[in-house]
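Data block below; observations after.
Treat the numbers as computed from the prediction; the structure is a model and nothing was measured.
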Amino acid sequence: MTEPLERAQALFSQFEAELRDELPPGADIFDAHTHLGTDLDGMVGRYEDLEAGMDRFGVSRCFFFCLDEPDRHPAFRAANDRTLEFGARSNGRMIPFARLDLAESPVEEAERCLDRGARGIKLHPRAQKFDVGDGRLAPVFALAAERRVPILIHGGRGLPPIADHLHRLVDTYPEAPLIIAHGGIADLAGLAGRFAGKAGVFFDTSVWSPIDLLGFFRLVPPEQILYASDYPYGQQPASLLIALRSARTAGLTEAQVVAMLGTSASRIADGEPPLEPSHPVGSDTLTQSVTLARIHQYLSMVMPLLFARQQDTFGALGLAINASSEPDGHRQELEQIHELLIAARELWGTLPDAADDLEARVIARTASRLVHLADIVAVTTHA
């Protein structure tokens, strides 16, 4: 496994160099969605790794909270205590949010954590198995409004439509800033319909697909968009690249890109009023070469297999590699995609020989990062 992993790291370094060239000079970067801890699914977010990544990519501050921890009962108390300790250790650079379970004294736990230095609240209706129409949410929003702290709520996969319930809560408790995670893709049309143009409601960029981001940019004003990685699930350089390239493909100005990267989240952290939303930027139409569209289609088939650590018996990755050899006028980008996917195939091929579950996880995770970079290039390359 050593040689394929080294090749992957070399490719990540190449894209890091591209990322540095694409970042606006002097831009403050604030990551609005990160995790520290250990999730039930085996994912681990380490303080030292998050800190090193922030240093490496010039991220000044972040919001962070625990994962769905094995010791989450009762009330995420032990995990929230670790979060508060990490926040204190960072000297204000990592801003702690308390994670709550509506079934286990949520208001009491939120008060305890806020009194000890938490600066926000994290809610995850899919992981904690509650509906956003649950009446137990109202006291949580009331507390956030009273303390003037933000609530970040999961808005990604695995949810029914949530816009109407959230709208009622926001209308009742407007003093509580709301951050809808993962671009609100669970209910994008509904959430954008309810909240586009609503000062104090934000969406973060932590999604896998640049097409999701392009769809989201065309519906939500730039002032309501916050850069977010979802570390440790989201990794650099892909996390910043997907946000930057999708934003520029959508047509955001450099000033709007700078606000997305850090200004808007900094205003939340510093208790300043939000910028007044302008208008969404973007097109209802994605113009893409057929070759790049085919590559994106095949890579969308690849990702669930890697997520489940299965072999590519269908051959989707091979189809994407073959498509990347077609002449279509984007030679440089296709060569990048080809190199990324060849490296992913070599690494993926070592999966059956993994010594243990940890090694298998590293193989699948690294291969998926290579595929993700290839997909970002495919979708954000102009036709």
Donor-acceptor contact below 3.5 Å, side chain [X] vs main chain [Y]:
{"X": "D312", "Y": "G315", "answer": "yes"}
{"X": "W348", "Y": "S368", "answer": "no"}
{"X": "Q224", "Y": "A196", "answer": "no"}
{"X": "D31", "Y": "S229", "answer": "yes"}
{"X": "E223", "Y": "S278", "answer": "yes"}
{"X": "Q288", "Y": "A378", "answer": "yes"}
{"X": "R72", "Y": "E69", "answer": "yes"}
{"X": "R7", "Y": "A343", "answer": "no"}
{"X": "R148", "Y": "G271", "answer": "no"}
{"X": "R248", "Y": "E22", "answer": "yes"}

Do you know which two heavy atoms are closest between [X] and [Y], and how far apart they sit?
{"X": "T291", "Y": "A323", "answer": "CG2-O, 3.2 Å"}
{"X": "L169", "Y": "A138", "answer": "CD2-CA, 3.9 Å"}
{"X": "I242", "Y": "L213", "answer": "O-CD1, 3.7 Å"}
{"X": "V257", "Y": "P24", "answer": "CG1-CG, 4.0 Å"}
{"X": "Y227", "Y": "Q236", "answer": "OH-NE2, 2.8 Å"}
{"X": "C113", "Y": "A98", "answer": "CB-CB, 3.6 Å"}

So, are [X] and [Y] salt-bridged, with charged N and O less than 4.0 Å apart?
{"X": "R245", "Y": "E18", "value": "yes"}
{"X": "R361", "Y": "D41", "value": "no"}
{"X": "R82", "Y": "E85", "value": "no"}
{"X": "R136", "Y": "D101", "value": "no"}
{"X": "K129", "Y": "D134", "value": "no"}
{"X": "D55", "Y": "R93", "value": "yes"}

Cluster question for you: counting only ILVMFWY and a side-chain heavy-atom cut-off of under 4.5 Å, with indirect links fine, are [X] and [Y] together?
{"X": "L261", "Y": "L50", "answer": "yes"}
{"X": "V258", "Y": "V59", "answer": "no"}
{"X": "L100", "Y": "L152", "answer": "no"}
{"X": "L275", "Y": "F30", "answer": "no"}
{"X": "I185", "Y": "I225", "answer": "yes"}

Approximate separation, where rounding is to 0.5 Å, of [X] [atom1] and [Y] [atom2]:
{"X": "N322", "Y": "I295", "atom1": "CG", "atom2": "CD1", "value": "10.0 Å"}
{"X": "I121", "Y": "L143", "atom1": "CD1", "atom2": "CG", "value": "5.0 Å"}
{"X": "M303", "Y": "L306", "atom1": "CE", "atom2": "CG", "value": "6.0 Å"}
{"X": "H382", "Y": "T380", "atom1": "NE2", "atom2": "OG1", "value": "7.5 Å"}
{"X": "L114", "Y": "N80", "atom1": "CG", "atom2": "CG", "value": "10.0 Å"}
{"X": "L102", "Y": "F130", "atom1": "CG", "atom2": "CZ", "value": "4.5 Å"}

Taking only distance into account, with no hydrogens and no angle test, what donor-acceptor pairs under 3.5 Å do side-chain atoms of residues 186-194 form with protein atoms, sequence neighbours excluded?
residue: D187; atom: OD2; partner: I162; partner atom: N; Å: 3.0
residue: D187; atom: OD2; partner: A163; partner atom: N; Å: 2.9
residue: R194; atom: NE; partner: D164; partner atom: OD1; Å: 3.2
residue: R194; atom: NH1; partner: H167; partner atom: ND1; Å: 3.4
residue: R194; atom: NH2; partner: D164; partner atom: OD1; Å: 3.0

- Transitive ILVMFWY cluster of M43 at side-chain heavy atoms under 4.5 Å: who else is in it?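 Cluster partners of M43: L67, Y233.
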- Task: Starting from Y298, walk the hydrophobic network (Ile, Leu, Val, Met, Phe, Trp, Tyr; side-chain heavy atoms closer than 4.5 Å) and list everyone else you reach, by chain and number.
- Result: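 Reading the cluster by chain and number, Y298 sits alongside M301, F314, L319.
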Side-chain contact test, heavy atoms from C-beta onward, threshold under 4.5 Å: evaluate it for [X] versus [Y] and give yes or no.
{"X": "P280", "Y": "L219", "result": "no"}
{"X": "Y231", "Y": "F64", "result": "no"}
{"X": "E346", "Y": "I342", "result": "yes"}
{"X": "L305", "Y": "L317", "result": "no"}
{"X": "V207", "Y": "H182", "result": "yes"}
{"X": "F76", "Y": "D68", "result": "yes"}
{"X": "F12", "Y": "T366", "result": "yes"}
{"X": "F217", "Y": "T249", "result": "no"}

- Query: Do H35 and F65 have ring centroids that are under 6.0 Å from one another?
  - Reply: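 Under 6.0 Å, so yes.
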- Task: For R157, look at atom CZ and say whether over 12 heavy atoms of other residues, nucleotides or ligands are found less than 6.0 Å away.
- Result: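 Atom CZ in R157 is not crowded, with 12 or fewer foreign heavy atoms closer than 6.0 Å.
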- Look at atom CZ of R46 and say whether more than 12 heavy atoms of other residues, nucleotides or ligands are closer to it than 6.0 Å.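 Not buried by this count: 12 neighbours or fewer within 6.0 Å.
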- Task: Quick one: list whatever passes side-chain contact (heavy atoms from CB on, under 4.5 Å) with Q14, sequence neighbours left out.
- Result: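 L11, E339.
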- Query: With D353, which residues qualify under side-chain contact (heavy atoms from CB on, under 4.5 Å), at least two apart?
  - Reply: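 With neighbours one apart ignored, the set is empty.
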- Determine, stepwise, if the pair H165 / D131 fulfils side chain to side chain contact (heavy atoms under 4.5 Å, CB included). CA-CA 9 Å; H165 295 309; D131 186 89; 3.8 Å; yes
- Between D49 and R56, does a salt bridge (Lys or Arg N to Asp or Glu O under 4.0 Å) hold up when you go through it step by step? CA-CA 10 Å; D49 292 345; R56 186 167 185 169; over 6 Å; no
- Task: Mind running side chain to side chain contact (heavy atoms under 4.5 Å, CB included) on L123 and L137 for me, showing each step along the way?
- Result: CA-CA 9 Å; L123 298 169; L137 273 178; 3.6 Å; yes
- Message: Suppose the criterion is salt bridge (charged side-chain N to carboxylate O under 4.0 Å, His left out): which pairs have a residue in residues 323-338, not counting sequence neighbours?
- Response: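 Residue pairs passing salt bridge (charged side-chain N to carboxylate O under 4.0 Å, His left out), neighbours aside: R294-E326, R331-E335.
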- Query: Could you walk me through whether R119 and I268 pass the side chain to side chain contact (heavy atoms under 4.5 Å, CB included) check?
  - Reply: CA-CA 10 Å; R119 301 267 298 282; I268 298 172; over 6 Å; no
- When L214 is tested against each of S246, S209, S283 for side-chain contact (heavy atoms from CB on, under 4.5 Å), which residue passes?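 The option that passes is S246.
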- Message: Please identify which of these residues, I321, T381, I376, V377, meets the side-chain contact (heavy atoms from CB on, under 4.5 Å) condition with I337.
- Response: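 Answer after filtering I321, T381, I376, V377: V377.
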- Mutual orientation of the aromatic rings belonging to H154 and H124 [parallel < 30°, tilted 30-60°, perpendicular > 60°]: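 If you compare the ring of H154 with that of H124, the planes turn out parallel.
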